[in-house]
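Predicted model only: the values in this text are computed from it and were never measured. A, B, ... follow the sequence lines: proteins, then strands. Residue 1 opens every chain.
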There are 2 protein chains.
Amino acid sequence: MPDDAGGRASTSRMRDVAQRAGVSPMTVSRALRDPSKVSEAVRRRVEEAVRAVGYVPNRLAGNLSSMRSNVVGLVVPGLDNSLYAPTIQGVSAVLRASGFQLMIGECGYSQEGEEALITAFLAQRVAGLMLHDTRHTALACEMIRRAGVPVVETGTIIPDPLDMVVSYSNHDAARAMVLHLHRLGYRRVAFVSLPAANNDRSRDRQRGYRAALAELRLEAEPRLMLEMPPGLAAGAEAVVRLVQGDAPPDAIFFAGDVLAAGALFECQRRGWPVPGKVALAAFDDIDMLRHVVPPITTLRLPRTGIGRRGAEVLLDRIEGRSRERVVVDLGFEIIQRDST
Amino acid sequence: MPDDAGGRASTSRMRDVAQRAGVSPMTVSRALRDPSKVSEAVRRRVEEAVRAVGYVPNRLAGNLSSMRSNVVGLVVPGLDNSLYAPTIQGVSAVLRASGFQLMIGECGYSQEGEEALITAFLAQRVAGLMLHDTRHTALACEMIRRAGVPVVETGTIIPDPLDMVVSYSNHDAARAMVLHLHRLGYRRVAFVSLPAANNDRSRDRQRGYRAALAELRLEAEPRLMLEMPPGLAAGAEAVVRLVQGDAPPDAIFFAGDVLAAGALFECQRRGWPVPGKVALAAFDDIDMLRHVVPPITTLRLPRTGIGRRGAEVLLDRIEGRSRERVVVDLGFEIIQRDST
DNA sequence: TTGTAAGCGTTATCAG
DNA sequence: CTGATAACGCTTACAA
């Protein structure tokens with residue numbers, strides 16, 4: 001407790017405001033939450049009293065009493081991954097506009113981590129939950145069901161959501177890019193993704209890649225498929241392994257993180273022309289991909305929109321404006337640039 | 001409320017657990033928080049009852065009653081800025097290990113935004129506050145003082161903190177880089193930063209630049225100082241303006257965001273050799289700077305450490321292990337690479 | 001070791 | 001429009 005010297009740390013209650021304004025606490029409560037329910041005179045006296053005593057409402061008490069909550073819990077796989085930033089920002093913007101607070105936690109890409117966070121958020125009695133992953137432990141599902149809390153999953157479109165989904169189809173996006181590369185004339189398209197274990201998005205993308213090959217009556221060659229950890233360095237390693245391997249690809253589709261950029265930087269270092277030696281495509285429209293030389297072909301995903309729309313449908317449910325279990329597919333876009 | 005079909009959404013209370021275990025609610029409370037205070041037999045019965053009814057403690061009620069809180073509020077200027085990610089992650093890791101929750105908000109680089117968030121967090125009765133900015137509205141300071149909440153500021157080392165500071169000196173870091181460039185032989189070092197209005201970090205860096213020049217008995221030329229918005233595009237624009245201007249610099253120090261990378265990409269596009277045509281230095285050790293061609297000289301800042309250490313000193317105070325108003329300078333490091 | 005009583009600071013409800 | 005009263009679900013303090 002800093003300084004008891006100047007003004008001691010005292011938190012004033014509604015009661016104090018009431019006394020000072022010469023009304024009952026109940027009237028203060030009303031004046032604060034819906035000024036139209038009290039007389040003009042009282043409203044002003046209360047406002048002044050609030051300022052005078054420096055009153056800050058106690059939402060813990062308010063929430064407990066009203067059995068409502070003004071906080072939403074958001075679980076992301078990893079805070080370090082810059083891909084989640086736009087989504088978080090979208091969520092944050094919408095929540096703030098409605099007077100909600102955002103509680104955030106990272107599950108570390110594990111279902112157990114997610115379960116722990118869900119438990120913690122439920123204990124805080126959050127009004128709603130946003131989950132990036134779409135696979136959960138049985139206990140997590142059970143707890144959510146019992147609590148009756150609305151939930152939005154945002155990682156990828158799935159057929160059997162817990163409740164609501166707002167996302168895009170990782171499967172369709174990956175498939176579309178492979179078809180796009182084929183249309184451009186590439187016949188040996190390699191595929192590099194993040195590890196698919198414990199990651200629905202990666203798995204969906206792999207399935208999309210295979211689906212496209214099947215449609216094109218092309219064989220899925222194991223040596224053209226790689227799983228790499230996230231990071232620029234991994235992308236660099238991947239491009240070297242593929243290009244220097246037997247029967248190298250003419251194009252590489254990097255379905256994750258900044259792998260494609262790492263690969264391009266490696267090509268620059270080695271003097272490999274892109275797309276002359278090998279074409280490169282990426283999965284996310286991060287700013288960097290537009291500025292490197294050459295700019296990299298990629299998918300534009302509705303990251304911010306997922307956050308915004310996700311928060312909106314969640315609030316619609318929380319505030320009783322809707323009872324529907326919506327599934328929103330926000331789509332994607334292919335950005336053709338000079339790397340392919 | 002999803003599905004009332006299978007099992008209706010009922011939240012069980014401690015009372016229910018107590019009944020089922022054949023003990024009083026108080027005993028359940030004890031069994032849950034400090035199992036050593038109840039008998040072995042009771043502990044087991046309670047545990048089973050908890051599982052049986054799917055009990056999830058209500059921390060709103062708990063916090064209200066105990067007049068303690070297990071949530072910490074964090075205010076960042078912008079969630080989109082990837083620079084804050086490591087700090088947030090550090091905070092998150094430390095808090096989780098202590099059973100604390102993280103409430104997060106973005107103030108949009110404005111003091112008013114920060115004030116609004118502080119008010120909201122105080123209303124949630126957070127146990128502590130972490131602020132990135134080091135300048136605040138008078139009301140914000142007043143509210144924090146009255147609430148008696150411990151606070152950590154993390155943006156830059158300042159002489160008159162609200163309470164505690166954990167950071168590095170932006171002034172010293174900028175100064176050190178300019179001296180470093182001078183030592184390498186560069187005599188006309190330009191300086192590009194983010195707008196300094198409303199940004200203590202930028203201002204500190206500008207002061208550091210000037211301080212270095214003064215020490216070197218060099219004149220601060222206005223045409224060698226630029227303020228640019230964040231982003232790769234701004235860096236590209238800056239390098240062009242400086243290099244094509246009158247009396248161009250031999251080195252450019254980009255003190256913010258990804259400006260330096262944007263500048264390098266522009267040089268690549270134009271075929272300007274770096275550092276042949278102009279040398280480039282950056283301010284933050286983001287992964288990209290190490291992988292581009294050539295790799296860019298920069299400063300390594302203790303981003304994650306600030307989050308971790310900041311959360312630690314905050315928890316020390318919250319949990320009464322310390323009463324000190326610490327100031328922690330985590331320092332910085334110059335990473336010399338091929339761009340200078 | 002366990003239980004009882006009295007709040008914590010609000011809001012819902014109902015009466016005036 | 002305003003106020004009294006009883007929760008909300010838990011913990012503190014004290015008693016048994």
Side-chain angles (χ1 to χ4, degrees), chain A residues 9-47 49-50 53-71 99 120 122-127 146-147 320, chain B residues 10-47 49-50 53-71 99 120 122-127 146-147:
Chain A
S10 66
T11 320
S12 54
R13 298 140 302 171
M14 200 172 255
R15 193 215 304 336
D16 305 319
V17 176
Q19 235 154 25
R20 180 145 188 145
V23 294
S24 78
M26 197 54 235
T27 299
V28 174
S29 175
R30 281 192 274 252
L32 257 27
R33 292 185 308 162
D34 186 356
S36 77
K37 305 189 83 177
V38 302
S39 71
E40 176 66 16
V42 164
R43 190 178 59 64
R44 266 215 302 284
R45 268 189 293 149
V46 169
E47 275 174 5
V50 164
V53 305
Y55 175 65
V56 177
N58 184 334
R59 306 225 50 158
L60 283 169
N63 289 346
L64 176 61
S65 179
S66 64
M67 308 256 269
R68 267 177 261 123
S69 161
N70 73 133
V71 1
L122 255 22
Q124 303 291 345
R125 293 301 188 267
V126 295
R146 296 188 81 112
Chain B
S10 67
T11 321
S12 53
R13 299 140 300 172
M14 200 172 254
R15 189 207 328 315
D16 305 318
V17 176
Q19 235 153 23
R20 178 145 190 146
V23 294
S24 78
M26 195 55 235
T27 300
V28 174
S29 174
R30 280 192 275 250
L32 257 27
R33 292 184 308 162
D34 186 356
S36 77
K37 305 188 85 179
V38 303
S39 71
E40 176 65 15
V42 165
R43 190 178 59 64
R44 265 214 304 282
R45 267 190 295 149
V46 169
E47 276 176 3
V50 164
V53 305
Y55 175 65
V56 178
N58 185 333
R59 306 224 50 157
L60 284 171
N63 288 347
L64 176 62
S65 178
S66 64
M67 310 256 270
R68 267 179 261 119
S69 161
N70 71 134
V71 0
L122 256 22
Q124 303 290 345
R125 293 301 189 266
V126 296
R146 296 187 80 113

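- Not counting sequence neighbours, the partners of A/Leu64 by the side-chain contact (heavy atoms from CB on, under 4.5 Å) test are B/Asn58, B/Ala61, B/Leu64.
- In the helix from C/dT1-D/dA16 to C/dG16-D/dC1, the end axes, each obtained as the rotation axis mapping the C1' atoms of four pairs onto the next four within a five-pair block, lie 30° apart to the nearest 10 degrees.
- Residues forming a side chain to side chain donor-acceptor pair (under 3.5 Å) with A/Asn70 (at least two apart in sequence, or on another chain): B/Gln124.
- With a heavy-atom cut-off of 4.0 Å to chain B, the contacted part of DNA chain C has its first and last nucleotide at C/dT1 to C/dG9.
- The salt bridge (Lys or Arg N to Asp or Glu O under 4.0 Å) analysis of residues 15-27 of chain B, with sequence neighbours excluded, yields the pairs B/Arg13-B/Asp16.
- By the side chain to side chain donor-acceptor pair (under 3.5 Å) test, B/Ser24 pairs with B/Thr27, sequence neighbours left out.
- Shown here are the side chain to side chain donor-acceptor pair (under 3.5 Å) partners of A/Gln19, two or more places apart in sequence or in another chain: there are none.
- With sequence neighbours excluded, the residues satisfying side-chain contact (heavy atoms from CB on, under 4.5 Å) with B/Ala120 are A/Gln101.
- Taken residue by residue, residues 25-36 of chain A places heavy atoms nearer than 4.0 Å to DNA chain D at A/Met26, A/Thr27, A/Arg30, A/Ser36.
- Among residues two or more places apart in sequence or in another chain, the salt bridge (charged side-chain N to carboxylate O under 4.0 Å, His left out) test is passed with A/Arg44 by A/Glu40.
- For A/Ser66, the side-chain contact (heavy atoms from CB on, under 4.5 Å) partners are A/Arg68, not counting sequence neighbours.
- With sequence neighbours left out, the side-chain contact (heavy atoms from CB on, under 4.5 Å) criterion links A/Ser65 to no other residue.
- Residue contacts for B/Arg43: at a heavy-atom cut-off of 4.0 Å it reaches no nucleic acid atom on any strand shown.
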